[in-house]
Amino acid sequence: MDSAEYERKIASRFAAFDQDGNGSIDREDFSKAAAAVLAEFSVAARSDKGQALYGGAEAFWQGMAGIADVDGDQRVSRQEFVTGAAKRLRDDPERFGEIARPFLHAVVAVADEDGQGVTPAAAARVLRALGVAEEASEQAARALDADGDGRISEQEVLTAFAAYCVTPEQPH
Ligand code: CA
Ligand code: CA
């Protein structure tokens with residue numbers, strides 16, 4: 001993959017992080033994502049799971065800002081995301097997954113409604129809550145259950161997130 005292709009791919013992730021679509025990534029986008037997931041599963045913000053999710057969202061934002069908010073204005077512009085995130089992914093691809101780990105852990109706890117693991121259907125609900133189109137959500141959720149046992153482990157989520165950040169979209 002050449003450098004230009006790599007940066008285009010990173011740029012394509014920007015819209016997913018910019019949850020409110022206002023053209024920059026900031027703390028609000030992460031708290032909005034947390035609120036959307038909690039609402040989807042009817043989990044109260046003040047519950048332990050709700051607080052863990054907001055805490056994970058804040059940690060994710062802080063990690064993102066540490067990597068990409070070069071001018072320190074508490075917003076990650078598209079250009080900052082492309083240059084900052086792309087550079088960090090080249091230097092240390094594990095790092096991007098690590099900053100998301102507490103958030104993803106908390107999402108798994110919310111979406112695992114029966115304590116037996118996240119089902120593909122629940123994973124699809126998470127993705128739809130985060131603004132992913134219905135068909136894409138269902139395809140991604142099926143792919144998440146890599147071993148086909150009907151449950152998605154936290155490790156499968158972490159692996160998929162890292163892959164999402166570093167591999168190109170499937171061609172349509
Ligand atoms: Ca935004
Ligand atoms: Ca900035």
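Sequential numbering from 1 along the given sequence is applied to the chain's residues. If you're wondering where the values come from, they're calculated on a predicted model, not measured in any experiment. Order of appearance sets the numbers: ligands from 1, and atoms from 1 within every ligand.
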Test: ring pair (Phe, Tyr, Trp, His ring centres under 6.0 Å). Region: residues 9-28. Which pairs qualify, not counting sequence neighbours? F14-F81, F17-F60, F17-F81

Would you say R151 has more than 12 foreign heavy atoms packed within less than 6.0 Å of its CZ? yes

Around atom CD of E28, are there more than 12 heavy atoms from other residues, nucleotides or ligands closer than 6.0 Å? no

For side-chain contact (heavy atoms from CB on, under 4.5 Å), just list the numbers for V37 and R125, CA-CA rounded to whole Å, side-chain angles, deciding distance to a tenth of an Å, and then say yes or no. CA-CA 8 Å; V37 170; R125 287 168 63 195; over 6 Å; no

Listed partners of V132 passing side chain to side chain contact (heavy atoms under 4.5 Å, CB included), at least two apart: L127, A136, S137

Could you tell me which N, O or S atom of D71 is nearest to the Ca ion (ligand 2)? OD1

Restricting to distances shorter than 3.0 Å, give the number of protein N, O or S atoms close to the Ca ion (ligand 1). 6

What pairs with R27 under side chain to side chain contact (heavy atoms under 4.5 Å, CB included), at least two apart in sequence or on another chain? E58, W61, Q62, Q74

Angular separation of E80 OE1 and D73 OD1 about the Ca ion (ligand 2), given to 10°: 150°

Does the K49 side chain pair with the main chain of V43, one donor and one acceptor, at a distance under 3.5 Å? no

What's the atom name of the N, O or S in D69 nearest to the Ca ion (ligand 2)? OD1

